[in-house]
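Residues take their numbers from the sequence shown, with the count starting at 1. The model shown is predicted, which means the values in this text are computed figures rather than measured ones.
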Amino acid sequence: MEIQELDKETSDKISFIAFIIPEFARAYKMNIQDAYFYLKKYGGMDYLNECWWALHIDNPFWAVRDMYKVCRNNGGLR
């Protein structure tokens, strides 16, 4: 079985997502698993997946806030 290396962009994207979900959880007093499922349910993960490049160069506070706004606009109540 051959092991493939991830390209730099994919690796950076995974690193950012692994960083920002716990930040979101901490900001809204959730555990990480609940934060992931909340983001998944209300479109935050789709937004994160599509816009990670712009979000990762911003302050984490504003990135988390943007994710919150997306979820809120899609019916999230937190």
TODO: Starting at NZ of Lys41, measure out to SG of Cys71 and round the result to the nearest 0.5 Å.
DONE: 11.0 Å
Open item on the list: If I compare all heavy atoms of Tyr38 with all of Leu77, which pair ends up nearest, and what's the gap?
Closed with: OH-N, 3.6 Å
TODO: Verify the distance criterion only: is there a donor paired with an acceptor across the side chains of Asp12 and Ser15 at less than 3.5 Å?
DONE: no
TODO: Quick one: pull up CG in Asp58 and CH2 in Trp53 and give me the separation to the nearest 0.5 Å.
DONE: 13.5 Å
Open item on the list: Let me confirm one number: the CZ-CG distance from Arg26 to Asn31, rounded to the nearest 0.5 Å.
Closed with: 14.5 Å
TODO: Under the side chain to side chain donor-acceptor pair (under 3.5 Å) rule, collect the residues that match up with Asn59, sequence neighbours excluded.
DONE: none
Task: Nearest heavy-atom neighbours spanning Met45 and Lys40 - done: CG-N, 3.6 Å
Open item on the list: If I take atom CH2 from residue Trp62 and atom CD1 from residue Ile57, how far apart are they, to the nearest 0.5 angstrom?
Closed with: 15.5 Å
Open item on the list: Given 3.5 Å as the limit, does a donor-acceptor pair link the side chain of Asp34 with the main chain of Met30, or not?
Closed with: no
Open item on the list: Assigning hydrophobic clusters by single linkage (Ile, Leu, Val, Met, Phe, Trp, Tyr; side-chain heavy-atom cutoff under 4.5 Å), is Phe19 placed with Tyr36?
Closed with: yes
TODO: State which residues pass side-chain contact (heavy atoms from CB on, under 4.5 Å) with Asn49; sequence neighbours excluded, sorted by chain then number.
DONE: Lys13
Open item on the list: So, using side-chain contact (heavy atoms from CB on, under 4.5 Å) as the criterion, who are the partners of Val64 when residues are at least two apart?
Closed with: Ile20, Glu23, Phe24, Ala27, Tyr28
- [ ] Report yes if some heavy atom in the side chain of Leu48 is under 4.5 Å from a heavy atom in the side chain of Phe16; otherwise report no.
- [x] yes
TODO: Evaluate the side-chain proximity of Tyr42 to Asn73: yes if any heavy-atom separation is below 4.5 Å, no if none is.
DONE: no
TODO: Identify the heavy atoms of Ile21 and Ala35 that sit nearest to each other, and give their distance.
DONE: O-CB, 4.2 Å
Open item on the list: Return the CG to NZ distance between Asn74 and Lys69, rounded to the nearest 0.5 Å.
Closed with: 14.0 Å
Open item on the list: Are Phe37 and Met67 linked, directly or through intermediate hydrophobic residues, by side-chain heavy-atom contacts shorter than 4.5 Å (ILVMFWY only)?
Closed with: yes
TODO: Kindly give the heavy-atom pair with the smallest separation between Val70 and Gly43, and that separation in Å.
DONE: CG1-O, 3.7 Å
